[in-house]
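Residue numbers begin at 1 in each chain, while the letters A, B, ... track the order of the sequences.
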There are 2 protein chains.
Amino acid sequence: MPNQVLDKRQAARVNIGESLGMKGSRKVVNITRLRQACRTCSLVELCLPMGLTSDDIQQLESIVKVKGPLEKGAHLFREGDSFQAIFAVRTGALKTYSLDADGREHVLGFHLPGELLGFDAIYPRYNRCSAMALADTSVCVLPFNQLADLAQKVSGLQATILRLMSKNLSISANLATDHTAEERLAGFLLSIAQRTGEGSELRLVMPRRDIASYLRLATETVSRLLARFQQEELLEVHRKRVRLIDLDGLRDLGGSFEIADRTRQRSGYQ
Amino acid sequence: MPNQVLDKRQAARVNIGESLGMKGSRKVVNITRLRQACRTCSLVELCLPMGLTSDDIQQLESIVKVKGPLEKGAHLFREGDSFQAIFAVRTGALKTYSLDADGREHVLGFHLPGELLGFDAIYPRYNRCSAMALADTSVCVLPFNQLADLAQKVSGLQATILRLMSKNLSISANLATDHTAEERLAGFLLSIAQRTGEGSELRLVMPRRDIASYLRLATETVSRLLARFQQEELLEVHRKRVRLIDLDGLRDLGGSFEIADRTRQRSGYQ
DNA sequence: CGAGTACTTGACCCAGATCAAGCCATGTGG
DNA sequence: CCACATGGCTTGATCTGGGTCAAGTACTCG
């Protein structure tokens with residue numbers, strides 16, 4: 001099992017050039033492994049299923065730059081920065097957050113390997129939130145103007161961007177609905193399990209405080225609920241290590257909060 | 001004042017063909033009046049500021065159909081319907097909502113004249129929510145495939161769609177953050193005031209129950225807070241009629257929850 | 001004018017926040 | 001290799017914003 005996890009990490013470390021090359025013509029790589037590594041809002045989803053020619057792929061590749069490593073606690077961008085690019089997480093993880101008038105931090109999202117961030121800044125042309133590395137992190141930079149120009153030429157790319165933004169919209173809308181602490185946390189754990197592809201053996205990169213903020217709960221509530229879930233034999237938890245035991249039980253609790261499942265099923269991509 | 005309100009209603013009643021014609025070549029209409037009518041996520045925003053040629057405009061016009069009138073309580077679409085089109089509200093108003101596992105209704109959004117809905121269905125290719133008319137309502141139908149094809153040709157249209165979706169994303173993300181009942185309601189009232197362009201004299205088309213559901217509050221809490229705001233001389237309320245008196249006071253309460261303001265300022269369009 | 005529905009108001013209650021210790025992993029310097 | 005400091009995590013005690021339940025009241029529409 002630890003081996004498998006390592007494999008996935010390795011796969012996620014493939015840069016976007018290589019992942020595109022695969023679908024094109026240049027290099028043969030184990031696609032299943034890559035898919036496993038990059039599940040949600042992923043480069044795979046961005047690059048693979050949209051019928052690009054290898055020429056299109058070269059073009060996309062040419063506008064992408066790698067940035068990093070960004071060390072834990074460093075910012076990728078800050079609230080108020082002018083908007084330049086969409087980012088794709090390669091390794092590590094980021095949180096996006098904003099500060100309200102009273103200086104309270106609100107975590108808006110977590111961004112795991114293979115996921116994209118920055119779409120919310122297109123409209124106002126400046127970043128509405130800050131993005132901080134939760135661990136040492138490297139990202140791909142997709143300069144937005146060039147990306148948009150390319151999407152103009154490549155219909156599959158436009159379609160993919162629209163779908164990704166639509167998906168983000170659903171996730172946010174779902175997060176905005178009214179659920180109990182129990183539902184939120186169960187749904188959150190299921191979503192992390194799915195997005196990391198780690199199966200039932202999770203390592204939570206983010207501290208409790210951030211999980212709590214994201215789910216609009218107090219840190220203590222998250223802690224207590226995890227303890228209760230453990231007592232009810234839904235999972236085992238020790239600090240950052242979580243082992244999901246009763247997935248169906250968790251789904252019963254968090255099903256209506258969990259979103260990725262339903263969208264995944266219909267999307268047509270494993 | 002009532003006259004002015006009537007003017008705006010009239011203006012909103014202009015169909016999309018006419019509004020496009022204006023910018024193109026066919027018909028001269030008071031653009032300021034139209035802008036006033038369609039403020040947020042509006043057809044105006046969709047059609048005006050993106051440098052379309054009158055030829056492009058004709059094409060856009062040709063794919064748009066008018067649908068309605070839809071009478072109060074009727075559905076424009078239902079959860080699970082396959083996704084076909086984006087809609088633009090011409091007159092009236094809609095709410096979007098979904099039902100959770102226990103059959104509880106969650107209101108996801110209100111859609112006023114000039115606003116678009118349906119973006120969240122692009123990704124899963126089916127509607128994630130139902131849309132019901134809150135009053136007699138007519139809409140423009142923008143078949144998505146044709147719209148996407150056209151966006152492929154017209155870069156301004158693609159850019160506009162991306163911006164609109166980005167904006168929706170910000171609104172949802174903001175709604176998902178943690179705020180008190182007071183902040184939510186104050187922010188909501190300010191946002192309605194802004195979006196309807198009615199100034200401080202509002203007519204709430206939606207019942208208390210729906211406002212409450214949207215803001216994740218109990219109906220009684222909304223009622224009580226309105227009573228309290230009135231007592232504190234922030235506003236006057238009588239059933240569906242609300243007159244905002246102390247806008248600054250409301251902004252102090254709801255400022256960090258209200259989103260439209262900030263995005264508007266930076267967007268470059270009045 | 002009567003019935004139904006939306007809204008308001010009051011009394012009470014509870015999920016989850018806040019406050020307050022303690023605990024335990026990791027790092028740091030001696 | 002061990003104090004001991006630091007910050008994340010847990011656990012207990014208490015508090016409270018807003019939910020729930022229960023009447024009323026007042027529009028609205030047939």
In whole angstroms, how far is the [atom2] atom of [N] from the [atom1] atom of [X]?
X: B/L204; N: D/dC27; atom1: CG; atom2: C1'; result: 16 Å
X: B/L185; N: D/dG19; atom1: CG; atom2: P; result: 12 Å
X: B/Q230; N: C/dT9; atom1: CD; atom2: C1'; result: 14 Å

Any side-chain heavy atom of A/V242 within less than 4.5 Å of one from A/E236?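 Not in contact.
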Is it true that B/D210 and B/K95 make a salt bridge, defined as a side-chain N closer than 4.0 Å to a carboxylate O?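 Counted as a salt bridge, because a side-chain N and a carboxylate O are separated by less than 4.0 Å.
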Is the closest basic N to carboxylate O distance between A/K240 and A/E201 below 4.0 Å?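 No.
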Is a donor-acceptor pair below 3.5 Å formed from side chain B/R224 to base C/dG10, judging by atom type as modelled?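 Flag set: donor-acceptor pair detected.
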State whether the distance check finds a donor on one side and an acceptor on the other, under 3.5 Å, for side chain B/E220 versus base D/dC21.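 Result: at least one qualifying N/O pair found.
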Please state whether the phosphate of [N], meaning OP1 or OP2, lies under 4.0 angstrom from any side-chain nitrogen or oxygen of [X].
X: B/R209; N: C/dA6; answer: yes
X: A/H238; N: D/dC9; answer: no
X: B/S223; N: C/dT8; answer: yes
X: B/R239; N: D/dA26; answer: no
X: B/K240; N: C/dC7; answer: yes

Are the aromatic rings of A/F83 and A/F77 close, with centres under 6.0 Å apart?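 Distance test on ring centres: not under 6.0 Å, no.
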